[in-house]
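Here the structure comes first, spelled out in structure tokens, and everything after it is commentary.
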Amino acid sequence: MTSRTPLPPSPAELARLHEDVVTWFASAARDLPWRRGVSPWAVMVSELMLQQTPVARVMPVYEAWMDRWPTPAALAADPPGEAVRAWGRLGYPRRALRLHAAATAIVADHGGQVPRERDALLSLPGVGDYTAAAIISFAFSGRAVVMDTNIRRVFARVVSGVQFPATAVTAAERELATALVPDHVPHVWAAATMELGALVCTARSPRCQECPVAELCGWRAAGYPAHEGPARRGQSWEGTDRQCRGRLMAVLRDAVTAVPKASLDVVWPDVQQRERCLDTLVADGLVEPVDADSFALPGHR
DNA sequence: CAGACGTGGTG
DNA sequence: TCACCAAGTCT
């Protein structure tokens with residue numbers, strides 16, 4: 001307990017917070033394709049794509065995806081490898097596989113409609129605590145405690161008075177977020193706080209001059225103290241399995257037909273590591289051996 | 001629960 | 001330039 005436990009704001013402060021954030025959102029919200037009253041499936045697709053991936057990079061892939069697979073049934077009818085191919089360079093291609101598996105489950109277990117119950121959503125591949133809440137909130141205008149990296153940062157600063165939230169969500173943090181969800185249009189609150197974190201209360205250089213709740217901000221009131229505690233673990237990259245897997249997947253993605261193993265061999269010099277990565281890709285279901293000497297994306301014909 | 005898992009833009 | 005960061009999930 002090195003950091004002080006934040007006291008929930010008074011009812012008056014809470015009302016002010018809600019009003020100021022929601023009012024700001026009404027004029028500042030970006031016109032994103034998945035915010036235009038689209039289907040729950042479209043919201044779900046956007047959420048999977050946005051996991052750890054910036055909006056700008058998601059946009060074109062999302063549009064092409066929805067044109068091609070406007071329903072879960074449409075996606076489920078195609079082989080998973082096509083989903084992986086269409087995922088392009090969004091990164092974390094297992095998400096494409098999970099989205100395909102989720103579509104299949106939605107067809108099999110939910111009549112082809114994205115379910116609206118939290119438990120049903122959580123049982124779908126690729127849907128965790130955040131994404132389930134986001135779908136409930138953004139697709140169904142329901143009440144949910146949405147906690148993504150943006151919202152967590154906004155609450156950490158405004159309410160708790162610290163620069164960054166803890167690495168993992170704490171019980172106290174969840175209680176706070178729950179207490180902050182308003183009775184009226186809770187889904188707008190979720191979208192508005194997320195947008196505030198994305199556009200104003202950013203990680204690197206927050207635009208406090210433009211912040212609608214600067215006057216209420218605990219971090220500002222405290223004089224912007226620097227983050228205490230362990231720095232975030234940097235993600236290593238050069239020479240990692242992740243880089244190797246990425247290289248292999250790029251070859252498979254860009255090939256129309258099965259790829260001879262020799263074509264994979266040339267993209268990574270370390271034989272041991274290359275073989276290991278190819279094995280894990282196959283184990284993950286991202287790659288399928290076609291015969292003794294060639295590979296392809298899963299489900300290819 | 002810490003670590004694996006892609007990719008590319010940017011302060 | 002080069003770490004850091006981006007609407008997380010799974011094990």
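Keep in mind the model is a prediction, meaning the values are calculated, not measured. Below, chains carry the letters A, B, ... as their sequence lines are ordered, and counting in each starts from 1.
At a non-hydrogen distance threshold of 4.0 Å, R204(A), S205(A) from residues 203-211 of chain A come into contact with DNA chain B. Using a 4.0 Å cut-off on heavy atoms, none of the residues of residues 256-267 of chain A approach DNA chain B. Residues from residues 133-157 of chain A with heavy atoms under 4.0 angstrom of DNA chain B: there are none.
Note: C244(A) SG to R242(A) CZ = 13.0 Å, rounded to the nearest 0.5 Å. Interatomic distance, D265(A) CG to R274(A) CZ, rounded to the nearest 0.5 Å: 4.0 Å. Here the CZ-CZ distance, from R157(A) to F155(A), works out to 13.5 Å after rounding to the nearest 0.5 Å. Taking CG of D129(A) as the start and CG of L121(A) as the end, the distance is 11.5 Å to the nearest 0.5 Å. Atom CH2 of W41(A) sits about 5.0 Å away from atom CG of L75(A), to the nearest 0.5 Å. Note that CD of E175(A) is 11.5 Å distant from CG of L180(A), once rounded to the nearest 0.5 Å.
For DNA chain C, the span of nucleotides reached by chain A at under 4.0 Å from its heavy atoms goes, 5' to 3', from dC4(C) to dC10(C). On the nucleic acid side, DNA chain B has its first and last nucleotide under 4.0 Å of a heavy atom of chain A at dG3(B) to dG11(B), going 5' to 3'.
Ranked by how close their nearest DNA chain B nucleotide is to the 5' end, T167(A) and G91(A) are led by T167(A). Nucleotides of DNA chain C nearest to G126(A) and T53(A) differ in position, and the one nearer the 5' end is that of T53(A). Judged by closest nucleotide on DNA chain B, A168(A) is the one of A168(A) and R253(A) placed further toward the 5' end.
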Return all side-chain donor-acceptor pairs below 3.5 angstrom for residues 130-138 of chain A, not counting sequence neighbours, or 'none' if the list is empty.
residue	atom	partner	partner atom	Å
Y130(A)	OH	E47(A)	OE1	2.8
T131(A)	OG1	Q51(A)	NE2	3.0

Anything under 3.5 Å between a donor and an acceptor, one on a side chain of residues 190-199 of chain A, the other on a protein residue two or more places apart or in another chain? List them.
residue	atom	partner	partner atom	Å
T193(A)	OG1	W189(A)	O	2.8
T193(A)	OG1	A190(A)	O	3.1
E195(A)	OE1	R30(A)	NE	3.4
E195(A)	OE1	R30(A)	NH2	2.8
E195(A)	OE1	R35(A)	NH2	2.8
E195(A)	OE2	R30(A)	N	2.9
E195(A)	OE2	R30(A)	NE	3.0
E195(A)	OE2	R35(A)	NH1	3.1

Taking distance alone, no hydrogens or angles, what donor-acceptor pairs closer than 3.5 Å link side-chain atoms of residues 62-73 of chain A to residues at least two apart or in another chain?
residue	atom	partner	partner atom	Å
R68(A)	NH2	E82(A)	OE1	2.7
W69(A)	NE1	D78(A)	OD2	2.8
T71(A)	OG1	A74(A)	N	3.1

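Backbone-only engagement by T131(A) is indicated by non-hydrogen atom pairs under 4.0 Å involving sugar-phosphate atoms exclusively. Residue D284(A) is out of contact with every strand shown, counting any heavy-atom pair closer than 4.0 Å. Residue contacts for L32(A): at a heavy-atom cut-off of 4.0 Å it reaches a base atom on one of the strands shown. Within 4.0 Å of R276(A), counting heavy atoms only, lies no atom of the nucleic acid at all. Within 4.0 Å of R57(A), counting heavy atoms only, lies at least one base atom of the nucleic acid. Across all strands shown, W87(A) has no heavy atoms under 4.0 Å from either base or sugar-phosphate atoms. When heavy atoms are screened at a 4.0 angstrom cut-off, R89(A) is found touching the sugar-phosphate backbone but no base atom. Within 4.0 Å (heavy atoms only), L48(A) reaches no atom of the nucleic acid at all.
Residues satisfying the side chain to side chain donor-acceptor pair (under 3.5 Å) criterion with D109(A), sequence neighbours excluded, are absent altogether. Under the rule for a ring-ring contact (aromatic ring centres under 6.0 Å, His included), the partners of F164(A) that lie at least two apart in sequence or sit in another chain are H227(A). Scored by the side-chain contact (heavy atoms from CB on, under 4.5 Å) test, T178(A) finds V145(A), R174(A) as partners (sequence neighbours excluded). Among residues two or more places apart in sequence or in another chain, the side chain to side chain donor-acceptor pair (under 3.5 Å) test is passed with W268(A) by Q273(A).
If you take atom C1' in dC5(C) and the same atom in dG6(B), they sit 14 Å apart, rounded to whole Å. Spacing between dG3(B) and dC4(C) at atom P, rounded to whole Å, works out to 15 Å. Across the C1' atoms, dG8(C) and dC1(B) are found 15 Å apart, a figure rounded to whole Å. Straight-line distance between the C1' atoms of dT9(C) and dG9(B): roughly 23 Å, to the nearest whole Å. The separation of dA7(C) from dA2(B), taken at their P atoms, amounts to 22 Å, rounded to a whole angstrom.
When each of L278(A), L281(A), V251(A) is tested with F295(A) by the rule side-chain contact (heavy atoms from CB on, under 4.5 Å), just one qualifies, namely L278(A).
Both L32(A) and F140(A) belong to a common hydrophobic cluster when Ile, Leu, Val, Met, Phe, Trp and Tyr are linked at side-chain heavy-atom distances under 4.5 angstrom.
For Q113(A), the CD atom sits in a loose shell: 12 or fewer heavy atoms of surrounding residues, nucleotides or ligands are nearer than 6.0 Å.
Looking only at side-chain heavy atoms (C-beta outward), E228(A) and Q163(A) stay at 4.5 Å or farther from each other.
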